[in-house]
There are 2 protein chains.
Amino acid sequence: MTRTSNTPSDIAPSDDAAPAAEGRPFSQILDRLRGAGLRPTRQRMALAKLLFDGGDRHLTAEMLHADAQSANVRVSLATVYNTLHQFHRAGLLREIVVDSQRTYFDTNMSDHHHFYFDETGELSDIPGDQVEVAALPPVPDGMAVSRVDVVVRVRPADA
Amino acid sequence: MTRTSNTPSDIAPSDDAAPAAEGRPFSQILDRLRGAGLRPTRQRMALAKLLFDGGDRHLTAEMLHADAQSANVRVSLATVYNTLHQFHRAGLLREIVVDSQRTYFDTNMSDHHHFYFDETGELSDIPGDQVEVAALPPVPDGMAVSRVDVVVRVRPADA
DNA sequence: GTCAAGTTTAGAATTATTTTAATCTGATGT
DNA sequence: ACATCAGATTAAAATAATTCTAAACTTGAC
Ligand SMILES: [Mn+2]
Ligand SMILES: [Mn+2]
Ligand SMILES: [Zn+2]
Ligand SMILES: [Zn+2]
């Protein structure tokens, strides 16, 4: 039992023998970070947990930061930004541009597109197979497509 | 000849009998502004000219402001922003989001999509008929599609 | 020409994000 | 366990795009 100090004991101020309301996949997250060459620090672990534990999410740095505070995780906003970008580079998150003035990160890495609700600034997924982008024109010389984004902007239908 | 002071005489410091190198469509622009319920002020006329005189363009407020300065048109950046948004509301310009941190305006109002060159931050048009977005999923209840944007992100092919 | 409403603008304010530089922590070697 | 240091976190300052404020100017109508 050579445990140095790896155990993330204070990720949330819960009892030691927590009721496992949501918290098994520690090793999963750990592996994910390790696999990405990122040290599993307290804050990265906590953020990863918040990000990946509950289904697909679209969020901004501010939102994740708020989430963290709610969960009694102490992280600076700067770290949230750092972490989001690192996760993005590591291929764990997608960055979505639908609104200048707000950068969204998407935990859903599968091939898909988005509805964007202009009013509320919210995003929702459109499964990749429900949109068909047919017949792309030839890509400019020496260039390669890195991604095709389809954004369906919607607003409340009037009357 | 009841001309009060409508003649935009100092849009550029050129001779009075200019060689017409590029400058006929004054009435066109005038009508466009009037039609949009916007007073044809010196700065709006000048900006409209810069915007609509030479083919399709994708530009930011800063870019247009620089353009104006080059053309010896004195406009504040605030006015450029105001004007771009007014033109947009009036349906003379399209606003494109491809890069948080930069708002592009597009003088091409026809139905079309875009290539986005991540490296350089440039945009180029893809004619509407060269992309087919087939099979959109049902739009969420009470919502109506206001626009479908397809952005093909490209980058230099490596090797 | 007069006047009100609409415009322009300098400069301050806001907001999202990045940078700085100092401090801390995790991993490794002993 | 202990030292060590590259890598991580952070408070605070800096940046950059955009918007706001309020005062000064134009426009269009009468
Ligand atoms: Mn954000
Ligand atoms: Mn801009
Ligand atoms: Zn998504
Ligand atoms: Zn365009």
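All values derive from a computational prediction rather than experimental measurement. Here is how names work: the chains are called A, B, and so on, in the same order as the sequence lines, proteins then strands, and each is numbered from 1. Values below: every heavy atom of this structure, side chains too, minus hydrogens, waters and symmetry copies.
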Check your understanding: Once you round it to whole Å, what is the distance between P of dG6(C) and CZ of R34(B)?
Key -> 16 Å
Practice item. Could you pull out the closest heavy-atom pair between A46(A) and V73(A), with the gap in Å? Key: CB-CG1, 3.6 Å
Check your understanding: Considering only heavy atoms from C-beta outward, does the side chain of H88(A) approach that of L92(A) to under 4.5 Å?
Key -> no
**Study point:** Interatomic distance where CG belongs to D99(A) and P belongs to dT18(D) [whole Å]
**Key:** 12 Å
Practice item. Indicate yes or no for a side-chain donor-acceptor contact from R44(B) to the backbone of R39(B) under 3.5 Å, with no hydrogens or angles considered. Key: yes
Review point. How many Å lie between OH on Y81(A) and P on dT15(C), as a whole number?
Key: 13 Å
Practice item. Take the protein atom CZ of F105(B) and the nucleotide atom P of dA17(D), then report the distance between them rounded to whole Å. Key: 14 Å
**Study point:** Verdict with supporting geometry, F105(A) and H85(A), ring-ring contact (aromatic ring centres under 6.0 Å, His included)
**Key:** CA-CA 9 Å; F105(A) 291 86; H85(A) 286 130; 5.7 Å; yes
Check your understanding: Which whole-number value in Å describes the distance from L84(B) CG to dT18(D) C1'?
Key -> 12 Å
Practice item. Select base, sugar-phosphate, or nothing to describe what H65(A) touches, counting heavy atoms under 4.0 Å on all strands. Key: nothing
Point to revise | Enclosure of R153(A) CZ (heavy-atom neighbours >12, cutoff 6.0 Å) | key: yes
Study note, to complete from the structure: Contact string for nucleotides 8-14 of chain D, one letter per nucleotide 5' to 3', B = base within protein heavy-atom range under 4.0 Å, S = sugar-phosphate only, - = neither, reads SSBS---
Practice item. Provide, to the nearest angstrom, the distance between the CZ atom belonging to R102(A) and the C1' atom belonging to dA17(D). Key: 15 Å
Check your understanding: Can you tell if the side chain of R94(A) reaches within under 4.5 Å of the side chain of R147(A), non-hydrogen atoms only?
Key -> yes
Check your understanding: Under 4.5 Å between side-chain heavy atoms, hopping through other hydrophobics if needed: is there a path connecting V98(A) to F117(A)?
Key -> no
Point to revise | Rounded interatomic separation in angstrom, taking CE from M45(A) and C1' from dT25(C) | key: 15 Å
Point to revise | Rounded distance (Å) that lies between atom C1' of dA13(C) and atom CD of Q101(A) | key: 15 Å
Review point. Distance check: side-chain N/O of H85(A) vs OP1/OP2 of dT17(C), anything under 4.0 Å?
Key: no
Check your understanding: Within less than 4.0 Å of OP1 or OP2 of dA17(D), is there a side-chain N or O belonging to S100(A)?
Key -> no
